[in-house]
Structures are given as C-alpha cells and as structure tokens.
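Contents: one structure, followed by commentary.
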Amino acid sequence: MSVLAVNGLSKAFGGVRAVSGVSFAVDAGELLAMIGPNGAGKSTCFNMINGQLAPDSGSIELEGKSLVGKAPREICRSGVGRTFQVTATFGSMTVRENVQLALLSHARAQGSLFSSMEESFLDEAHKLLQQVGMREQADRQCALLAYGDLKRVELAVALASRPRLLLMDEPTAGMAPAERGALMQLAAGLARGEKIAVLFTEHDMDVVFGHADRVIVLADGELIAEGSPTEVRANAQVRSVYLGGEYGDA
Amino acid sequence: MKLLCLLALLLVSTGVSAQTIKIGELNSYKVFPAFLEPYKKGMELALEEINRAGGVNGRKLELVSRDDGGNPGDAVRVAEELITRENVALLTGTFASNIGLAVSNLAAQRKIVFIAAEPLTDKMVWENGNRYTFRLRASTYMQTAMLIPEAVKLKKVRWAIVYPNYEYGQSATASFKKLLAKAQPGVQFVAEQAPPLGKIDAGAVVQALIDAKPEAIFSSLFAADLQKFVREGNLRGLFKNTSVFNLLGGEPEYLDPLKDETPEGWWVTGYPWSEIRTPAHQKFLDAYRKRWNDYPRLGSVVGYAAIYSAANAIRKAGGTDTEKLIAALKGLEMDTPFGPIVYRAHDHQSTMGAYVGQLSARGGKGRMVNWRFADGANFLPPFEEVRILRKE
Amino acid sequence: MSYSSILIQFLNGLASASSLFLVAAGLSLIFGVTRIVNFAHGSLYMLGMYLAVWLAERVGFWAAVPLAAAIVALFGSVVEISLLRRIYKAPELLQLLATFALLLVIKDAALWIWGPEDLLGPRAPGFTGAVGIAGGAFPQYELLLIVLGPVVFVFLQLILSKTRWGILVRAATQDREMASALGVNQRWLFTGVFVLGALLAGLGGALQVPREPANLMVDLTVISDAFVVVVVGGLGSIPGAFLAALLIAEIKAFCIGLGFSEATLVMEFMVMAAVLVLRPWGLLGRMPAEARGAGTAQQPLARPSPRLLRMLVALVAALALVPLASGGYTLVLLTDVLIFALFAVSLHFIMGPAGLYSFGHAAYFGLGAYAAGILFLQGKMPMELALALAPLAAGFGALVFGWFCVRLSGVYSAMLTLAFAQIVWSAAFQWDALTGGSNGIVGIWPAPWLASKTAYYFLTLLFCALGISFLWKAIYSPFGYALRAGRDSPLRADAIGIDVRAAQWAAFAIAGLAAGISGALYAFSKGSISPEAMGIQRSVDGLVMVMLGGIQTLTGPVWGAALYTWLQDAAARNIDYWRALVGIVILALVLAVPQGLGTLVQGRK
C-alpha cells in the first residue's frame, strides 16, 4: 500500500479551478517531485495535503486513513513531517533544543511543567543531528546559523516526529546551487534509509531530475504527466508547458 | 577620624530629634496639587507659629511630610515608614476617601493616632470609625446638610442630581436625597447623572438634565468637571430658570478658575476668604499673606488647623503617648480660623463648620455673597444614630 | 427622549467624536509607521492645552491654536530625534517605557511651569454663543468642532493618498520592511510621522481649550481614550479612527441621554472588548504583515549559570536574614518589593517566553487581592484559607479572559487584556455591596501569628520565592519551550504538533494565578484594598518593571521591580518633583541598558 494516496483532489477559488481531479500516490522510501509552472496548482495541492486548505472534493489518505478535514497539527500528529519554503525554526533556541522539543512533542510531553528540558531525549536529538551533519553546531542559537545549516536543522526537526510522509515545500529555495545537491542527497538518503515517503515541490530542475524517483507535472490545475525523471523530461506536453519557462533555463 | 565625626554627627542629629516631636503627614500632593499646595503652606505656617511660640510642652514640633503616591497601597507603606522609621507621634493628612480609610485602618492596627485632615467620607468616623481616628473637616454629610435649609426654602419639587461617580459624590447624593425628602415631603428626583470623576461629557450631561426639566439641581462636581459643567450649562441655558446647589463650589480652589463665568446665584459651601472679618480669621489671613505672599485657599485653612489640632492634642496630653493623645483629642476644644471647634468625644468628628452662600461674578472674579457661617455642630446627627453607625 | 433631544445628543456625540479623532489620528499614524506605543501622546495633547491657554492671553485664541500645535510639533521632533531614534532597534515595547517616562517628566514640568490650579481658557472669539437647534441651545463652538473633525480627516486622507510622502507612510504602515526595501529613508519618515502626530495632538489639545480647563489629569484620560479609539478603528487606519471615534462618542452621548451615565465609566472598554472579540484587527484594520527575516528573532533566554543560581540562593538567604539586622520599615519596603517582584515575574512569564503582551495584568493582581478581602471579611474565612484560595479567583479570571486574548496577537491582544482589566476594575468600582465601591474594603489583616512585620515578611518571602522559582523553572520546562516555540515560529510549532493557543492559554492562567498570589499577599500586608490596586496604573507599573529589567532576561523582572519600587519610595520621600525624577532615571536606564537590568546580572551570551 502507498503511504500517501491522493484521489480526485479538486479545489476552486471563487469559481476559478485551482486544482481539479488530481490523483497520485507516494510509496515508502520514494521521493516524488511535484513540478509545474507558476500558477499550476502546486501550492494549492500541497496546502490541501498539509491541512491548511480544505479540498472541495477528493480524498487524501495516509496509510489508508483520511487526512481531509484535519488541522495541520493533527496531520503532523498522524505522521506527516514538513519543511517550509522559508525555513521555520525556533530562532531563540539552540539547534539541539529545536530537535529536543520536536521529540518531546512527538512523545506528547511538550506540556510538562515539571520535567527539565535539558535532559529530555538528549541521545535521540544528538543522533538526529548527527544524521543531518549538525552535531557539532548543536549548541548554537538557530537565529545565528547559515541558511544551509538551518535547512538541515529543519530536516532534523521534521524527522524527529518519526514521519511516514515528509512534505518538503521548495526544499532548496534560497540556497546556493552548490549546497542544493548536498541537502537533497541527505534528504534522499534519510528517506530511503528510514522508509519515509517524500513529496516535494521544486523549481530547480537539476534538483528534481537529480534526486526524484518519480515526477508528477501539474499545469492549469491538472495532472498532465507522471513518470520517471527521464520519461517526464521526454514528454512533449511537459516540454510545451515549460517552453521558455524554467525548464529552458535550467 | 572621619568615622568618628560621622558618629558624632549622628549622635548630635538624633539628640536634636529627640527633643522635637515629630508629626507624620502624608498626602496625594501630585494628584490633587490645586488643593494640597495651599494646604502644605497652611501646615508650614502653623508649624512656624507654634515653634516660634516655644513649641509644645517645651519641645519643638517637626513636620515629616510625605507624598502618598495617590493610592492606598503606597499610602499605607508611607504611613508605616512614618511610624517605624520616623517614630512620629501621630499621623495626619490624606485627601481621597479611600486613602483616608486605608490609613485610618492602619492606624488602628498599629495603634497610633490619625487625624484625617481632608477626606470627606462619612465612613471615616461612622461605619469605619475606630478609636484611633479623628477627623477635622466637615464631612460630606455635614456639608450637604448645611445646604438643605436653603434648598427647602425654595420649595422646588423637581430636582435633578449630578455627581462624580465615586464615594464622595455618591454619599453626597444619598445624603441630600434622604435629608431633602425628610424636610420636604413630596419632592421628586427626576434625573441623576453620574459622570466618571475628571471625565464628564459636559455637553451630553447638560442636555440630559435639560431634558428632565428640573426646577433645581444638586451637584457635587468639583475641579475640571465643575468648570466644564458650568461652561456648557451657561451656553445651553440649563441654569436660566433652574436653581443650583453645588457642594464645595465656593472653595477658592474650584471657584477661582471660573472667573467671569461664575454662575450667578448658585448655593454652595465654600470659603469667602476675603470677606470674613472675625479676629481669628483676620489673624490667620494676615499671617498667611505675610508668609506666602498669596491668599489662602480652603486647603490652607485645613492644613493650618490640622497642625494646630495635633499640637493642641499633644499639649493637652502632656506627651505623645497614644492613649493619652486619644483621651486628649476626645472633646478637645480649640480655635481655628473658622472659629472654635470641638472634637466630639463619641464619634471623633470635629465641629469645624463651613460657609454657605451664593455665587456671584464681580469684576471678572467669582465670589460668595449672602454667605453665613454654618457651625458643624448643628449639622451632625444625634449621638444615638452615630452610635448605631459606629457599631459600638 | 424627545426627537429634539435625540438630535442634540447626536450633535454632542459628533462634537466629542471630532475632538477624540484629532488626538487618536496622530496616535494611530505614529503606531502605524513606527510601531511605537506612544504613551506620551496624551502629554503632547496636554501641552497643547496649556500652551494654548497661555498663548491665548498674549496673542488671542485663534493665533494661539496653530502656534500651540506648532510648538508641540517642534517638541515632538526633539523627542523623536534625541530619544526615540536611539531605541528603534531595541526590544519591542521599550519605546513604551521611554514614552511612559516622558509622560512623568512632562506632567511635572507642566506643574512646575503652569502651577497646580486648573487653567480655564477663553472661549473662542466668534464662537462664544449658542444657536437654537430643535428648540434647544447648542454651542456654536461645538458646531465648529463638528466641521473641523471631518476637515482634518479629509486633509489627512489627501496627504496620505496624493503626496509621495503620504504614499510612503501608507506603504510603511502596511509593510515596514517592504518600505525600507524600497529605499525609503526610514529615519526621516519616522521623524516626519512623529511630528505630524504630535502636531495633531497639540492641535487637538488647543482646540479643546474652549471646552475644558487645562489640567494635569488630562494626559492620562486622553491617552486611554485615544488608545481605545485607535484599536477599535484598527491600528494605523485613519478612517478606522474616525469611525471608532464616532461610534464611541455617540454611544457615550446616548448612554448619558438615556440616563445610564454610570456606564460611561467603562463604556469605551466594553466597546473595545466587543469589537476585538468579533473583529480581531479592529473595524477597518488589516491583519498586520508577518514580520520576516532574522531581524525579528528573539534573544535566547539563557539558562541561568551555576554562578547566577548560587547568587540567587545567596540572595534569598540574605533576605531571610534581614529581620535580624533591621526591623520596621526595611521589612515593610522589602515586603512590597517581593510582592511586586512576583507580580512582575508573572507578567514576564507571558510577555517573555510566550510573547503575549498584557496591558491589563493588574486585573489578576486585583482579583487576588479582592478575593482575599472578600473571603476574609464577607466569607468569614480564616486568613490562611482566604490567602490560599484567593489566587484561584485570579487564575479563574485569567482562564476566562485568556481564552479570548490568545486568539489575538501583538498589541491587539494587549489591548484586549486592558479592556478586560478595565471591566473588572469598573465592577470593583461600582459593586458597592461586594467590593465597597471606590472606597474598597478595609480591615483585611493577617492572623495573629502572622501579624508582626517580621512574620508577614517571612510569609511573603516564602510565597514569593516559591512562586518565582516555580515560574522560572517552568520557563525551562518543556512547557516553557513550547511557549517560546509558539512565539518564535507559530508555523513550525504547529508543524511539530504543539497547540500554540492551548499553551498560551495555560500560560495566561498560570501567570494570572501567580499574580493573584501577589495580590492576596498585598491585601493582607496593607490591611485594605481598593480599585486602584487593579487600575491601569498598576498594569503600567508591571510593564515598567518588566521592561526595566529586560524582557528577554530571566531575572530582569525581579531587578526591575526592586529598582522601581525602591526608586519611587526614595524619590517620593526626598523631592517634591519625584515623578520627574523617576521619569529621568527610567530614560537614562533605557538609553544606557536598553536590554534591561537583567543583562547586567547575567551577561550576554
């Protein structure tokens, strides 16, 4: 069974169809890239899956359980991790504390008044930071980190809740080209190792074709192509959609 | 060496203060400066006079004056400081009712005499009265009662009332309604306006009163509220065919700013300082003008009489022992610029009176005319009533 | 009410609305662009009044009005350039502290220059009489005001929509960072806006002269009215301010007209509470743009070093030894300091880690104090039991109000806390039978075994030390981190499964409970309690203590409370113009240690 199964997803804003009848699935350990030109419906689609928007129709299931109608917080609780286009971390805390808090929250102990944060999930936090290569910077305040490092912290935080599905919105946006590959390499490695399904959107086609296992293409709110990077790259419709667009630049 | 000098200095200074008798005073100088600056001048004048005459029982008086911060919590702390650090013989002062009551309550707890100088609340000596607290000024009840004879004479049926929405205004209103209804059965109270203190929406209040078509108005507004009320009322013709009674309206503190807009014919309680010809007042007036190059306000008289009350009590008690001071103050008879007063033994209220008269504008200034002195002794309820109130 | 009186009350409302709008418009502009909560705006208005009265005697009323406004504007520019400009980068709300200090200084300066007596200015020449309207007399000057308000409104709208400067102001109001990215010279934009705001305040004050004597109380009454109008209208929205002024003035006029004048005591706060609950950004306000970038990151709340912990333990030990060395007044003062320290720490608990501003924290202090008094005197409970149960009333109050407040953010949430506090205050003020009305409750003294100063001091020390250490420990518990998470990044907090609102709500209740403990201790230490204990002034005191100590420090609020309480006590004892002295000391501290006293103790990371 797929980890994420999306069927017939539709959303209209005041009569304008932003997404219509989109269906796809992501398997455990698989990296699925969702691409398309601006206005194709990627963000709308993404926000319906993460709970910020309610779909007009269609189903979203995580391991057979519907996510429709759930708040973002509940969706997280049911096993979905997220990273944001502009990194969202807790700037006033150290790198370690960011991860510790995510681990505590996953264990539903974030409301505890009487335990000490310092000792909580220390080993697990260090292990996660080790995995993303941030162990050495564990004591630094997040607000002072370089952007690339912040992305890694965010990845560790997202993984702390042991997600079965990881949603990454433009994971390499704002990064230097040289760092992009490294981050995706890391994410892909972790996902495959932990059998996590990954759905990501991305503008950088090098990233998409370099790291995705499969690609789905949206245009005008509809799914126009699906397949391996090679197949999609060869798809005539995709080429015409992207003509003069980002693909041409990439 | 330095240390020795310091020590010597300390000894000398404590030696000096051992010879003086300290009177602790606290007041909301920053909240009600218009009343309290003249009040302070009155106190200082009295202090100088007493000390020039050799002090009390051969010892000089020392006034330790403090700002009470304008709230009861700080006032209690300041009073504690006066009691414990300054070792004052007794406490005096305070302006607002709530602060007066808080300090009175502390005085009972710490067993020290408190002569409340200005607070008008009836509760000070009645419902919340205690054996340590005495009050100098004519209370809200007394001053209201002083206006009642004139109010009854007018034989007006429809009365409207306007008062600042807090203890003073509320109890003035309650007393007025009770006393007038008793003296003049059939009187109607057709409107009541209770604007927040210092925030009267004068235009709307005046219009609401006009709508009620009263024949007479009883007001206990003062300060900025009174000035706004007068101006709007004049402009809108509220006072044209309406008699107005205004508690405290003749006190120079509140009358003087009205200048040529002083409404004609209002009945008020107050202090016509320039026209009182009694020897006691003349002496005070001359001394005050000489000392401060200014004319006295009502606050000046209150401050002056408060210090004399303290001095006389200490003199009569022959010392500063609290129990002896209480005994001395009970029934203490003394002179004030307003004439002789007695601190009544059973409720600790002094019989200090007030002047009742009518307002008039002459030469761009407001003044009181047709005034008479109302002796406080004549406007106090009988002993039995007071005893019930004091829960004794 | 007859038709004619309805009409006249409506006109009365319009006239009041005009004068309310003038002062609120300036405040709204200043907040919209600079994000300064200008506490001294009422003082600028007061200056305008005094100047106009003073000048009117010399140059006539009509020349005095523009002149007074211009002088106030000039004064505003001096304030902005020499003071506020230095602290734009400082933690949020620090400007509030600076402008509060300014308020103290201006008040004493006005007392010194113009004396204590109210100054009733002249009527406006040409508008001294009344005209007949619907059978009643209506002052000509009020008619003039009714016209002037909209004229100023249109004039402002024209400036804001037609001039380049105005467009920049609007851009900055909507999105400050965007405006600065567009190359707007922020410094002069800020100065310009502050001067315009000051000009409007001065003008409003000067124009009020024919209706109201210049007096020293007016600064505070005006500032609270103006804040309400600005928030009800929507921060930074001039049309909103106009609409809100109209709404509030008319509601008040008709309350009075219909004979519910007591209600005007809190009517504006009830309106504000209702508007904020129903329309969180005010009538015409917009949701503020989310602040972006690293510039908004909060300072870390460093874990106390072992050295600091040892120091704190030593401090408590030293405090416990004080009664051996000194009795009497030192204990009284220290009791106050301890009580306010707990109060300030409880306020800091929601302001620092949770990032929730509260302008009405005194409500919980007051609820605790009143509950103690009522349980003790009316409920005839033993003092110990009353002291133990009273904080629950405060906690319950915080639970109820907090539910609404955590649904808003920033200054809106803060103003809702203020509205609730004022509503509670007015209940205490008016509910004679239960609370003793404006006199309050007297005779709340501790049980005999706690009656001595030393015993009560120990009790206070115990409760406050326990309360403070509990709150401090909670800051470093997972709950405390969850609060900070909600403040730093609500998006991320949500994404890792933290219910930010629930956490904030709980924090609100805990802080209320702790404030209630301090309030109950206060009541028994003073023997009485009256509405001032939960007035705006007490809330402001709390803010001043927290800001003085440093909002992003741990121990700061304690030092802030100690310094402020001691300073007030010492200054008031030694000089007449103590308010100005307190103001000047605060200003000096704001400029010298903008991050707060706490940083001096624990150092910066």
Side-chain angles (χ1 to χ4, degrees), chain B residues 29-31 33-34 36-37 66-67 69-74 76-78 80-81 84-85 97-99 101-102 104-106 109 121 123 128 165-167 170 191-196 198-199 201-205 207-208 210-211 223-224 227-228 231-232 235-237 253 256-259 261, chain C residues 1-2 5 8-9 12-13 15-16 111 116-120 123 129-130 136-139 142 211-213 215-218 221 252-253 256-257 259 261-262 264-265 327-329 332-333 336 429 437-440 442-443 445 522 526-530 532-533 537 568-569 572-573 576 578-579:
Chain B
Y29 289 103
K30 289 286 153 162
V31 186
L36 292 174
E37 290 202 354
R66 297 276 187 264
D67 196 310
N71 73 76
D74 287 356
V76 165
R77 187 179 72 224
V78 166
E80 295 260 25
E81 190 250 351
T84 53
R85 188 184 281 176
S97 303
N98 55 352
I99 297 180
L101 288 172
S104 150
N105 178 43
L106 178 81
Q109 178 79 1
T121 177
K123 296 194 172 84
N128 292 80
N165 186 10
Y166 77 110
E167 149 74 21
Q170 291 157 355
E192 244 180 66
Q193 286 286 330
K199 297 180 78 174
D201 206 335
V205 166
Q207 182 58 38
I210 289 173
D211 289 346
Q227 295 160 37
K228 285 159 85 173
R231 194 166 261 194
E232 286 291 333
L235 273 174
R236 294 171 190 245
E253 286 86 340
D256 292 353
L258 290 172
K259 294 188 204 141
E261 288 174 53
Chain C
M1 285 176 91
S2 66
S5 58
I8 291 185
Q9 288 298 18
N12 284 333
S16 300
L111 174 64
E117 264 175 37
D118 301 345
L119 299 182
L120 191 60
R123 293 190 186 168
F138 194 79
E142 310 264 302
R211 309 176 78 210
E212 187 177 1
N215 64 82
L216 295 164
M217 304 273 204
V218 82
T221 54
K252 279 191 167 183
I256 293 167
S261 57
E262 287 95 340
T264 55
L265 191 63
Y329 186 62
V332 173
L333 186 61
D336 268 18
F429 197 91
S438 62
N439 276 341
V442 295
W445 292 107
Y522 182 80
K526 300 293 179 188
S528 61
I529 190 75
S530 75
E532 278 86 354
Q537 184 61 45
Q568 277 198 325
D569 182 72
R573 185 159 49 242
D576 285 345
W578 60 272
R579 242 179 351 210

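Chain identifiers are assigned alphabetically (A, B, ...) following the order of the sequence lines, protein sequences preceding nucleic acid strands; residue numbering begins at 1 within each chain.
Here the shortest heavy-atom pairing between B:Pro33 and C:Leu111 reads CB-CD1, 3.9 Å. Nearest approach of B:Leu235 to C:Pro139, heavy atoms of both residues: CD1-CB, 3.7 Å. Pairing each heavy atom of C:Ile256 with each of B:Gln193, the nearest pair is O-NE2, 3.0 Å. Between C:Thr264 and B:Pro196, the shortest heavy-atom contact is OG1-CD, 3.3 Å. Closest approach of B:Ser97 and C:Asn439 over heavy atoms only: CB-OD1, 3.2 Å. Between C:Tyr329 and B:Glu80, the closest heavy-atom pair is CD1-C, 4.0 Å.
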Test log, rule side-chain hydrogen bond (donor to acceptor under 3.5 Å, both in side chains), inputs C:Ser5 and B:Asp211: CA-CA 7 Å; C:Ser5 58; B:Asp211 289 346; 3.3 Å; yes
Chi angles and distances behind the side-chain contact (heavy atoms from CB on, under 4.5 Å) call for B:Glu81, C:Asp569: CA-CA 10 Å; B:Glu81 190 250 351; C:Asp569 182 72; 5.6 Å; no
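Per-residue counts of heavy-atom pairs under 4.5 Å with chain B were compared for C:Gly259, C:Ser261, C:Ala137; the largest is that of C:Ser261. Put simply, of B:Glu167, B:Lys123, B:Glu232, the one with the most heavy-atom pairs under 4.5 Å next to chain C is B:Glu167. Counting heavy-atom pairs under 4.5 Å between each of B:Gln109, B:Glu37, B:Glu253, B:Gln227 and chain C puts B:Gln109 at the top. Looking only at heavy-atom pairs under 4.5 Å with chain B, the residue among C:Lys252, C:Gln537, C:Glu262, C:Gln9 that has the most is C:Gln9. Heavy-atom pairs under 4.5 Å with chain C were tallied for B:Leu101, B:Asp256, B:Leu36, B:Thr121; the largest tally goes to B:Leu101. No other option in B:Ile99, B:Asn105, B:Val205, B:Asp201 has as many heavy-atom pairs under 4.5 Å with chain C as B:Asn105. Chain C forms the most heavy-atom pairs under 4.5 Å with one residue out of B:Ile210, B:Asn165, B:Asn71, and that residue is B:Asn165.
Residue contact with chain C, scored on non-hydrogen atoms closer than 4.5 Å, is absent for B:Tyr29. Contacts between B:Arg66 and chain C at a heavy-atom distance below 4.5 Å involve the side chain alone, from C-beta outward. Using a 4.5 Å cut-off between heavy atoms, B:Ala191 makes no contact with chain C at all. Residue C:Arg573 touches chain B through both its backbone and its side chain, counting heavy-atom pairs closer than 4.5 Å. Only the side chain of C:Asn12 has a heavy atom closer than 4.5 Å to any heavy atom of chain B. Proximity to chain C (any heavy atom under 4.5 Å) is restricted, for B:Lys199, to the side chain, taken from C-beta onward. Residue C:Glu142 touches chain B through its side chain alone, counting heavy-atom pairs closer than 4.5 Å. Residue C:Leu265 touches chain B through both its backbone and its side chain, counting heavy-atom pairs closer than 4.5 Å. Of the atoms belonging to C:Ser16, it is side-chain heavy atoms, and not backbone ones, that fall under 4.5 Å from chain B.
With hydrogens and angles ignored, the 3.5 Å screen pairs no side-chain donor or acceptor of C:Lys526 with any backbone N or O of B:Leu106. Listed for the C:Asp118 side chain is no donor-acceptor partner under 3.5 Å among the backbone atoms of B:Ala223. Remark: the backbone N or O of B:Ala224 is not paired with any side-chain donor or acceptor of C:Asn215 at under 3.5 angstrom.
Using a 4.0 Å cut-off between a side-chain N of Lys or Arg and a carboxylate O of Asp or Glu, C:Asp336 and B:Arg77 qualify as a salt bridge.
With contacts defined as side-chain heavy-atom distances shorter than 4.5 Å, the pair C:Pro213/B:Pro257 does not qualify.
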